[in-house]
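Beneath this line is the structure, given in structure tokens, with notes to follow.
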Amino acid sequence: LDFIAKQRWKYITDGLKVTLEVTFLALILGLVLGAVIAVIRTTHDQLKEDQSKGFGSFLIKLADLICRVYLTVIRGTPTMVQLLIMFFIVLASSNNKVMVAVITFGVNSGAYVAEIIRSGIMSIDKGQMEAGRSLGLCYTDTMLQIIMPQAIKNCLPALVNEMITLLKETSICGYIGLNELTRGGDIIRGATYDAMLPLLIVAVIYLVIVMFFTWLMGKLERRLRESDIR
């Protein structure tokens with residue numbers, strides 16, 4: 001009764017808004033960062049095969065080295081540690097906890113998205129790139145207009161799984177004092193000394209969101225299969 005009478009449910013709804021905001025913005029940042037890194041690494045591999053030389057090749061090699069270091073560090077350290085480092089060290093002067101969370105999860109997700117998209121690019125036949133170049137398109141246009149759309153289509157299920165993982169990982173934002181969904185449920189638990197109701201509600205909300213994304217992914221995959229048949 002206290003849950004409704006004292007409007008403690010607002011901790012849940014307010015926390016849900018923050019969770020969705022952080023997830024959505026971090027997902028965009030992760031996709032952009034991941035796509036750029038995937039293209040850099042793929043370009044480097046192609047230049048390596050072609051044994052290209054020159055200043056442009058040097059820049060790609062340098063960028064690839066930076067990307068490799070980034071991937072190793074991000075995938076080799078826990079997300080919670082990255083969040084604490086970002087909050088207490090890198091962005092210690094900022095009072096915007098949402099921004100700290102978005103940047104942390106975006107940078108973290110970008111490392112995994114990069115490898116997902118890179119695998120999607122590698123799954124495309126090399127003849128696609130050659131066909132684009134033979135039509136007069138430059139490397140960048142061929143990559144953006146021909147290769148990337150097909151690569152994203154191939155790795156879409158893995159990207160949706162990454163989005164679901166990202167959604168659930170935001171539950172650690174309470175460690176920096178951000179009142180997201182999980183912390184909202186924990187605040188209610190601390191006030192009412194009843195852990196069952198608020199935490200079950202939080203779990204059900206996460207489950208419903210994940211089920212919605214899974215259903216949406218299923219519909220999208222069917223649409224893509226139908227477009228392939230046509």
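These numbers come from a predicted model, not from an experiment.
In this structure, Leu178 and Val22 have side chains that are in contact, with non-hydrogen atoms separated by less than 4.5 Å. In this structure, Leu83 and Thr79 have side chains that are not in contact, with every pair of non-hydrogen atoms separated by 4.5 Å or more. At least one side-chain heavy atom of Phe105 sits under 4.5 Å from a side-chain heavy atom of Cys173. Between Met143 and Val39 there is a side-chain heavy-atom pair separated by less than 4.5 Å. Within the 4.5 Å cutoff, the side chain of Asp14 has no heavy atoms near those of the Asn179 side chain. In this structure, the side chains of Leu27 and Leu167 stay at 4.5 Å or more apart for every pair of heavy atoms. The shortest distance between side-chain heavy atoms of Ile124 and Asn154 falls below 4.5 Å. Side-chain atoms of Thr182 and Tyr206, non-hydrogen and from C-beta on, do get closer than 4.5 Å to each other.
Put simply, CD on Glu169 and CE on Met80 are 12.0 Å apart, with the number rounded to the nearest 0.5 Å. The NE2 atom of His44 sits 10.5 Å away from atom CG of Leu62, with the distance rounded to the nearest 0.5 Å. Between Leu159 atom CG and Ile117 atom CD1 the span is 5.5 Å, to the nearest 0.5 Å. In this structure, CD1 in Ile28 is found 11.5 Å from OG in Ser109, a value given to the nearest 0.5 Å. Atom CD1 in Ile121 sits 4.0 Å away from atom OG1 in Thr42 (nearest 0.5 Å). Note that the OG atom of Ser123 and the CZ atom of Arg118 stand 12.0 Å from one another [nearest 0.5 Å].
Gln82 contributes no side-chain N or O that, together with a main-chain N or O of Asn108, makes up a donor-acceptor pair within less than 3.5 Å. Arg68 places no side-chain N or O within donor-acceptor distance of the main-chain N or O of Thr72, the cut-off being under 3.5 Å. A donor-acceptor pair is defined here as one N or O able to donate and one able to accept, closer than 3.5 Å; such a pair exists between the side chain of Gln150 and the backbone of Ile146.
No chain of hydrophobic side-chain contacts below 4.5 Å, direct or via other Ile, Leu, Val, Met, Phe, Trp or Tyr residues, connects Ile37 to Val69. Using a 4.5 Å cut-off between side-chain heavy atoms of Ile, Leu, Val, Met, Phe, Trp and Tyr, with links allowed through other members, Val36 and Ile152 fall into different hydrophobic clusters. Grouping the Ile, Leu, Val, Met, Phe, Trp and Tyr side chains by contacts below 4.5 angstrom, directly or via other members, places Ile85 with Ile74. Linking Ile, Leu, Val, Met, Phe, Trp and Tyr whenever their side-chain heavy atoms come within less than 4.5 Å leaves Ile147 and Leu144 in two separate clusters. Hydrophobic clustering, with ILVMFWY side chains joined whenever heavy atoms are under 4.5 angstrom apart, keeps Val107 apart from Tyr112.
Gly106 approaches Leu33 most closely through the heavy-atom pair O-CD2, 4.3 Å. Across Ser119 and Ile116, no two heavy atoms sit closer than the pair OG-O, 2.5 Å. Summarising the geometry of Met163 relative to Thr23, their closest heavy-atom pair is O-CG2, 4.5 Å, with the distance given to 0.1 Å. Shown here for Ser94 and Met99, the closest heavy-atom pair between the two residues is OG-CE, 3.2 Å. For the residue pair Val113 and Gly34, the shortest heavy atom distance occurs at CG1-CA, 4.0 Å. Between Tyr139 and Arg133 the shortest heavy-atom distance is CB-NH1, 3.6 Å.
Around the CG atom of Asn96, the shell of radius 6.0 Å holds more than 12 heavy atoms that belong to other residues, nucleotides or ligands.
Of the residues Val90, Ile89, Leu84, the one that meets the side-chain contact (heavy atoms from CB on, under 4.5 Å) test with Met86 is Val90. Among the candidates Lys168, Arg183, Glu180, the single residue satisfying the side-chain contact (heavy atoms from CB on, under 4.5 Å) test with Thr19 is Glu180.
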Please step through side chain to side chain contact (heavy atoms under 4.5 Å, CB included) for the pair Ile164 and Ile209, ending with a clear verdict. CA-CA 9 Å; Ile164 290 172; Ile209 296 173; over 6 Å; no

Derivation of the side chain to side chain contact (heavy atoms under 4.5 Å, CB included) call for Arg41 and Leu71: CA-CA 11 Å; Arg41 295 208 59 205; Leu71 292 172; 3.7 Å; yes

Using side chain to side chain contact (heavy atoms under 4.5 Å, CB included), reason through Lys10 and Thr13 one step at a time and then give a plain yes or no. CA-CA 5 Å; Lys10 285 188 175 180; Thr13 55; 4.2 Å; yes

Between Phe87 and Leu91, is the side chain to side chain contact (heavy atoms under 4.5 Å, CB included) condition met? List the steps. CA-CA 5 Å; Phe87 182 69; Leu91 297 175; over 6 Å; no

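A salt bridge between Lys61 and Asp64 is absent, with no side-chain N of the basic residue lying under 4.0 Å from a carboxylate O of the acidic one.
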